[in-house]
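Scroll down for the structure; my scribbles are underneath it.
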Amino acid sequence: MAASPSMVLYYDEVSPPVRGVLLAIAALGVKHHIKFEYINLFRAGHLSADFIQINPLHTIPVLRHDDLTLIDSHAILMYLCDTFAAADSAFSTRDTLERAKVFNMLCFNNGHLFQRDAEVMRKIFSGEITDPSSHLKPIEETIDALEQFLKKSRYTALDHVSVADFAIVATLSTLELLVPIKAERWPRVNEWFKEMQSLPYYDEHNVVGLQKLREKLSTKIKI
């Protein structure tokens with residue numbers, strides 16, 4: 001009888017940070033190492049007393065591995081690479097310089113791109129914003145920055161796919177619900193986005209959750 005997975009991921013695929021982690025799990029081929037516990041965000045599953053005991057910040061994803069609990073998707077991404085990626089894997093984070101570049105772009109997503117997405121989305125779902133068109137400039141300026149970063153390497157951090165790309169594409173695809181990624185303004189972002197969309201695991205692990213979010217968002221604003 002096979003041993004039960006020692007890792008547990010608390011997730012809801014409508015969340016961009018969750019989708020970034022799901023993409024990494026698929027790319028690393030380690031789904032069988034992880035038990036998946038669904039937390040329904042739109043039914044306030046993240047606010048249950050049991051879940052708040054796991055993560056007092058009541059956010060997902062959360063990864064638990066024995067005595068370790070990680071409550072940030074970017075920390076989870078690095079931990080998955082450290083735990084599962086072989087030394088010769090494209091997802092290895094053993095090289096100091098490459099690790100720094102990946103970590104830098106994860107911080108860009110965490111501190112800038114996703115924060116601007118989350119701020120607008122929270123206001124839409126709370127009813128504070130019914131027309132987001134006048135709230136998009138900060139998002140567009142952050143995509144401007146991503147355009148510049150992508151002029152320096154084929155992917156967001158390196159010349160090959162890294163977990164930074166998973167985090168950022170999950171956020172960017174969500175932002176595209178509000179801001180079309182036009183090639184005229186963002187040619188490199190557009191090119192990179194198409195490459196990410198062609199990954200064999202992209203549809204299952206990003207588009208499915210994105211469509212669920214789109215359906216819910218369409219009850220709040222016209223998209």
* Structure fact -> Value for CD1 (I71) from CG (L57), rounded to nearest 0.5 Å, stands at 4.5 Å

* To do: Would you indicate whether the side-chain heavy atoms of D165 and L23 approach each other to under 4.5 Å?
  => no

* Side chains of H46 and Y10: closer than 4.5 Å at any heavy-atom pair? -> no

* To do: Indicate the atoms forming the closest heavy-atom contact of R19 with S173, along with that distance.
  => NH1-OG, 3.6 Å

* Do I52 and I39 belong together in a cluster built from hydrophobic side chains that touch within less than 4.5 Å? -> no

* **Side chain S48, main chain G45, donor-acceptor under 3.5 Å** => yes

* **Closest non-hydrogen atom pair, V14 against L41** => CG2-CD1, 3.8 Å

* Asked: Can you find a pair of side-chain heavy atoms, one from F42 and one from L213, that are under 4.5 Å apart?
  -> yes

* **CG-OG1 distance between L175 and T142, expressed to the nearest 0.5 angstrom** => 8.5 Å

* Shared ILVMFWY cluster between L47 and M121, side chains joined below 4.5 angstrom? -> no

* Structure fact -> CG of L172 to OG1 of T156, rounded to nearest 0.5 Å, is 10.5 Å

* **Closest contact, heavy atoms only, I60 versus D12** => CD1-N, 3.3 Å

* Please walk me through it: do E191 and R188 pass salt bridge (Lys or Arg N to Asp or Glu O under 4.0 Å)? -> CA-CA 5 Å; E191 180 182 25; R188 277 294 294 122; 2.7 Å; yes

* To do: Indicate yes or no: does R99 engage D82 in a salt bridge with an N to O separation below 4.0 Å.
  => yes

* Give a yes-or-no answer on whether the side chains of S6 and D66 include a donor-acceptor pair shorter than 3.5 Å. => no

Would you list the atom pairs, donor with acceptor, under 3.5 Å between side chains in residues 214-222 and any protein atom, with sequence neighbours excluded?
from : atom 1 : to   : atom 2 : distance (Å)
S218 : OG     : R214 : O      : 3.4
S218 : OG     : E215 : O      : 2.7
T219 : OG1    : K216 : O      : 2.5

* **Any side-chain heavy-atom pair of M105 and K101 under 4.5 Å** => no

* To do: Indicate whether any N or O donor in one side chain lies under 3.5 Å from an N or O acceptor in the other, for S133 and D131.
  => yes

* Can you find a side-chain donor-acceptor pair between D117 and T171 that sits under 3.5 Å? -> no

* **Heavy-atom check, side chain of N206 versus side chain of F166, under 4.5 Å** => no

* Mind checking whether F36 and L22 have side chains closer than 4.5 Å, heavy atoms only? -> yes

* Asked: Could you state the interatomic distance from CD (E98) to CG (D95), rounded to the nearest 0.5 Å?
  -> 4.5 Å

* Which atom of M78 lies closest to which atom of L106, heavy atoms considered -> SD-CD1, 3.6 Å

* Structure fact -> All heavy atoms of V179 vs all of W186, minimum pair found to be CG1-CH2, 3.8 Å

* Under a 4.5 Å cut-off applied to non-hydrogen side-chain atoms, are P61 and V18 in contact? -> yes

* To do: Could you tell me whether the side chain of V161 reaches within less than 4.5 Å of the side chain of F91, counting heavy atoms only?
  => yes

* Kindly work out whether a path of hydrophobic side-chain contacts (I/L/V/M/F/W/Y, heavy atoms less than 4.5 Å apart) joins V208 to I34. => no

* **Non-hydrogen atoms of T83 and M7 that approach each other most closely** => CG2-CE, 3.9 Å

* Applying ring pair (Phe, Tyr, Trp, His ring centres under 6.0 Å) between F108 and each of F149, F103, F114, report the one that passes. => F149

* Asked: Going from CG on D203 to CD on Q211, what distance comes out if it is rounded to the nearest 0.5 angstrom?
  -> 9.5 Å

